[in-house]
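Below: one structure, written as structure tokens.
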Amino acid sequence: MEVGVDPNVRERYKVVKAELSNLEENIRKTDQVIMLLQKLESIGRLTDEKKELLEKSLRSKVFYENKISE
């Protein structure tokens, strides 16, 4: 334990750090999905269902990036 560090601040730091790590992992996974779907799109093999997934993934990435900024 550090002298002068509020235990509540320390706990909040741990929570925020874990959340940040989760958000970064979600962005990494979302980027993989986006890259795969964009490859399919580039060769004309993107179904309507996959187009919807691409749009959802792009929105999710923006959401995660905005959460990180907060």
Side-chain angles (χ1 to χ4, degrees):
M1 182 169 180
E2 296 177 29
V3 175
V5 177
D6 183 334
N8 293 327
V9 171
R10 183 180 226 32
E11 186 59 32
R12 178 69 182 139
Y13 173 78
K14 287 180 184 177
V15 169
V16 170
K17 187 175 178 182
E19 183 179 346
L20 180 60
S21 180
N22 287 335
L23 288 168
E24 289 170 342
E25 178 66 15
N26 287 340
I27 286 176
R28 188 185 66 74
K29 290 177 181 177
T30 303
D31 279 340
Q32 290 176 338
V33 170
I34 290 169
M35 285 177 22
L36 175 65
L37 292 171
Q38 286 176 335
K39 284 180 184 177
L40 289 174
E41 184 178 42
S42 71
I43 60 172
R45 302 212 36 178
L46 199 62
T47 64
D48 287 342
E49 183 179 291
K50 287 189 175 22
K51 282 181 188 177
E52 188 175 318
L53 180 57
L54 176 58
E55 290 172 10
K56 181 180 177 185
S57 296
L58 290 167
R59 285 192 304 271
S60 293
K61 182 178 179 181
V62 170
F63 171 79
Y64 297 142
E65 289 172 339
N66 286 338
K67 285 294 279 183
I68 287 175
S69 294
E70 289 175 13

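In this text, all values refer to a predicted model and were calculated from it rather than measured experimentally.
- Here the CE-CG distance, from M35 to L54, works out to 12.5 Å after rounding to the nearest 0.5 Å.
- Under the side chain to side chain donor-acceptor pair (under 3.5 Å) criterion, N22 pairs with no residue, sequence neighbours left out.
- Judged purely by atom type and a 3.5 angstrom limit, S57 uses its side chain to pair as donor or acceptor with the backbone of L53.
- Counting non-hydrogen atoms of neighbouring residues, nucleotides and ligands closer than 6.0 angstrom, the CD atom of E52 reaches no more than 12 such neighbours.
- Take E55 and apply the side-chain contact (heavy atoms from CB on, under 4.5 Å) test, not counting sequence neighbours, and it matches R59.
- Using a 4.5 Å cut-off between side-chain heavy atoms of Ile, Leu, Val, Met, Phe, Trp and Tyr, I27 falls into a hydrophobic cluster with L20, L23, F63, Y64, I68.
- Residues passing the side-chain contact (heavy atoms from CB on, under 4.5 Å) test with K39: none are found, sequence neighbours excluded.
- Residue L46 holds its CG atom at 6.0 Å from CG of L37, rounded to the nearest 0.5 Å.
- Hydrophobic clustering, defined by side-chain heavy atoms of Ile, Leu, Val, Met, Phe, Trp and Tyr closer than 4.5 Å, leaves V62 isolated from every other such residue.
- Between E11 and K14 the shortest side-chain heavy-atom distance falls below 4.5 Å.
- Sorted pairs that involve residues 42-51 and meet side-chain hydrogen bond (donor to acceptor under 3.5 Å, both in side chains), not counting sequence neighbours, are lacking altogether.
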